[in-house]
Amino acid sequence: MAHEHAGHDNPDHAHEHPTWKQYRWVALILTVITALEVWAYYMPKLVASPFFVPLLLIMSAVKFAIVVMFYMHLKYDHRLFRALFTGPLTIAMATLIGLLFLLARSAAYIRA
Amino acid sequence: MAHAAAETHPPIQHHYTTTGLDNRKVAIWMFIGSECMLFASLISTYLIYKGKSLVGPMPHEAWTNPQTGQTFKAILNIPVTSISTFVLLMSSFAMVMALAAIENRRKPRPANPGFWWKVENSSKLWLLMTCIMGATFLGFQAYEFTSFVHEGLTIRRNLFGSSFFTLTGFHGAHVTAGVIWLGTLLAIDMKRGLQPKDAVWVDIAALYWHFVDVVWIAIFTLVYLIQ
């Protein structure tokens, strides 16, 4: 029962959206990744290893990207929408990482 | 002259910008971009204060008060939050199905539509399911907040409590706004039926809803799973 969506009359909807079958696959993949994340949380050896945090961050980033690309249609929409989202997101991520480095350094300095 | 010009032009039926894009979609993407920065600041605050609380309860480990001997267990309930995360993810699926159902009304209806065709093309059903799942997520959050308060964690208790309740509370407020927004769309759909010409209105609500979902994806990992 995969149905192609009709394109909109609007130019920003000129591209095809994913099919229902793809939407179902996306939902399944999101569920599986979430289950893997929770499974990883309950593995003491994995939690203690240096791979735990990067692994969770990668899985979270993959889920984030899948939702944005397929459910928010950013993969198919106009590139201006992509810029309007990724621009502020990049600034936000850079600010977050910058603050963490800055305050982690100042905390280490205070401890010393 | 102005009157003459107004009389010769047909009424404006759409809202396109000079880019050729619908200004409502441009606006919602700009709004979502600004929301990214809001949530990044809240998440930054949580991460900066992480592990700096002087008193418990703590998120992932038990804590005993050295003066009173009172013990607080690890406060986060991962199984419950995992279920609420799953519910929110599935609400995003229901939302794309609702939008797809409305857009597919452009196509001619088959002569003998089967049961699954009717299910897949029922925007009312998918909008209702999205609302229910959004409300269920809020119910889980209300339960979580209540149990935390009963276990001794309030917004004033420690740095973890302040940053946690602020971050997840802001997210919950966004979910609440989304449920109300989707509820109004459902009411319109029940009253007169949403048509393909209304798809952009549903699309911008869907974009907002998916954004709320992706923010939770980040919160679930950074707050709940990373110890």
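Quick note on labels: first sequence line is chain A, next is B, and so on, each numbered from 1. Atom set for the values below is all heavy atoms of this structure, side chains included, hydrogens, waters and symmetry mates excluded.
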K.L.:
Which region of B:Thr85, side chain (C-beta onward) or backbone (N, CA, C, O), has a non-hydrogen atom less than 4.5 Å from a non-hydrogen atom of chain A, or is it both or neither?
P.N.:
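The side chain, not the backbone.
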K.L.:
side-chain contact (heavy atoms from CB on, under 4.5 Å) for A:Lys63 and B:Val214? Distances and angles first, verdict last.
P.N.:
CA-CA 8 Å; A:Lys63 279 165 67 180; B:Val214 293; over 6 Å; no
K.L.:
Side chain from CB out, backbone as N, CA, C, O: work out which of these in A:Ile91 comes under 4.5 Å of a heavy atom of chain B, or both, or neither.
P.N.:
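Side chain only.
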K.L.:
I want to check something: taking the side chain as every heavy atom from C-beta on, are B:Trp29 and A:Leu74 in contact at a cut-off of under 4.5 Å?
P.N.:
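In short, these two side chains touch, coming nearer than 4.5 Å.
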K.L.:
Please identify, among B:Glu35, B:Met97, B:Lys197, B:Met95, the residue contributing the most non-hydrogen atom pairs under 4.5 Å to chain A.
P.N.:
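If we count pairs closer than 4.5 Å to chain A, B:Met97 comes out on top.
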K.L.:
By number, which residues in residues 48-56 of chain A have some heavy atom less than 4.5 Å away from chain B?
P.N.:
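A:Phe52, A:Val53, A:Leu56, listed by number.
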K.L.:
Taking C-beta and beyond as the side chain, do B:Val26 and A:Phe81 meet within less than 4.5 Å on heavy atoms?
P.N.:
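A side-chain contact under 4.5 Å exists here.
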K.L.:
Nearest 0.5 Å please: distance from the CD1 atom of B:Ile28 over to the CE atom of A:Met72.
P.N.:
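It is 8.5 Å, given to the nearest 0.5 Å.
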K.L.:
Does atom CZ of B:Phe170 have more than 12 heavy-atom neighbours, drawn from other residues, nucleotides or ligands, at distances under 6.0 Å?
P.N.:
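Count not over threshold, so no.
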K.L.:
Measure the CD-CZ distance between B:Glu120 and A:Arg24 for me, rounded to the nearest 0.5 Å.
P.N.:
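It comes to 5.0 Å.
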K.L.:
Find out whether A:Tyr41 and B:His60 are in side-chain contact, i.e. whether some heavy atom of one side chain is under 4.5 Å from a heavy atom of the other.
P.N.:
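Yes - at least one pair of side-chain heavy atoms lies under 4.5 Å apart.
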K.L.:
Does any heavy atom of chain B fall under 4.5 Å from the side chain of A:Ile66, the backbone, both, or neither of them?
P.N.:
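Nothing of A:Ile66, per the 4.5 Å heavy-atom cut-off to chain B.
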K.L.:
Can you tell me which residue pairs pass the ring-ring contact (aromatic ring centres under 6.0 Å, His included) test with a partner in residues 35-58 of chain B, sequence neighbours excluded?
P.N.:
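Qualifying pairs, neighbours excluded: B:Phe39-B:His174.
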K.L.:
When you compare the side chain of A:Asp77 with that of B:Lys25, does any pair of heavy atoms fall below 4.5 Å?
P.N.:
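Heavy-atom side-chain distance check passes, below 4.5 Å.
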K.L.:
Are there more than 12 heavy atoms of other residues, nucleotides or ligands under 6.0 Å from atom CE of A:Met43?
P.N.:
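Check passes, neighbour count above 12.
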K.L.:
Looking at CG of A:Leu84 and OG of B:Ser34, how far apart are the two atoms once the value is rounded to the nearest 0.5 Å?
P.N.:
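Between atom CG of A:Leu84 and atom OG of B:Ser34 there are 10.5 Å.
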K.L.:
Among residues 30-37 of chain A, which residues come closer than 4.5 Å to chain B, judged by heavy atom distances?
P.N.:
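Residues of residues 30-37 of chain A touching chain B at under 4.5 Å: A:Leu30, A:Thr31, A:Thr34, A:Glu37.
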K.L.:
So which heavy atom on A:Pro88 is nearest to which on B:Gly33, and how close?
P.N.:
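What the structure gives for the nearest pair is CB-O, 3.2 Å.
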K.L.:
What are the two closest non-hydrogen atoms of B:Ser44 and A:Leu96, and how far apart are they?
P.N.:
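Where B:Ser44 meets A:Leu96 most closely, the heavy atoms are OG-CG, 3.3 Å.
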K.L.:
By a 4.5 Å heavy-atom criterion (distance strictly below it), what part of A:Leu80 contacts chain B: side chain, backbone, both, or neither?
P.N.:
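Side chain only.
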K.L.:
Side chain from CB out, backbone as N, CA, C, O: work out which of these in A:Val47 comes under 4.5 Å of a heavy atom of chain B, or both, or neither.
P.N.:
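Contact with chain B involves the side chain of A:Val47 alone.
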K.L.:
Could you list which of residues 218-227 of chain B have a heavy atom closer than 4.5 Å to any heavy atom of chain A, in residue-number order?
P.N.:
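At a heavy-atom separation under 4.5 Å, chain A is reached by B:Ala218, B:Phe220, B:Thr221, B:Leu222, B:Tyr224, B:Leu225, B:Ile226, B:Gln227.
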K.L.:
Would you compute the distance between atom OH of A:Tyr71 and atom CZ of B:Phe93 and round it to the nearest 0.5 angstrom?
P.N.:
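CZ of B:Phe93 is found 6.0 Å from OH of A:Tyr71.
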K.L.:
Please indicate whether A:Arg79 has more than 12 foreign heavy atoms, meaning atoms of other residues, nucleotides or ligands, lying under 6.0 Å from its CZ.
P.N.:
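Not more than 12 within 6.0 Å, no.
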K.L.:
How long is the straight-line distance from OG of B:Ser82 back to OH of A:Tyr42, given to the nearest 0.5 Å?
P.N.:
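One gets 6.0 Å once the value is rounded to the nearest 0.5 Å.
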K.L.:
Name the option with the most non-hydrogen atom pairs under 4.5 Å to chain A; the candidates are B:Asp213, B:Leu207, B:Ile32.
P.N.:
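Heavy-atom pairs under 4.5 Å are most numerous for B:Leu207.
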K.L.:
Which class fits the ring pair B:Phe211 and A:Phe85: parallel under 30°, tilted 30 to 60°, perpendicular over 60°?
P.N.:
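Rings of B:Phe211 and A:Phe85: perpendicular, as their planes differ by over 60°.
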K.L.:
Side chain from CB out, backbone as N, CA, C, O: work out which of these in B:Met37 comes under 4.5 Å of a heavy atom of chain A, or both, or neither.
P.N.:
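B:Met37 touches chain A through backbone and side-chain heavy atoms alike.
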K.L.:
Could you walk me through whether B:Ile217 and A:Met59 pass the side-chain contact (heavy atoms from CB on, under 4.5 Å) check?
P.N.:
CA-CA 10 Å; B:Ile217 286 172; A:Met59 285 196 281; over 6 Å; no
K.L.:
Say you draw a straight line from CG of B:Leu47 to CG of A:Leu99; how long is it, rounded to the nearest 0.5 Å?
P.N.:
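One gets 10.0 Å once the value is rounded to the nearest 0.5 Å.
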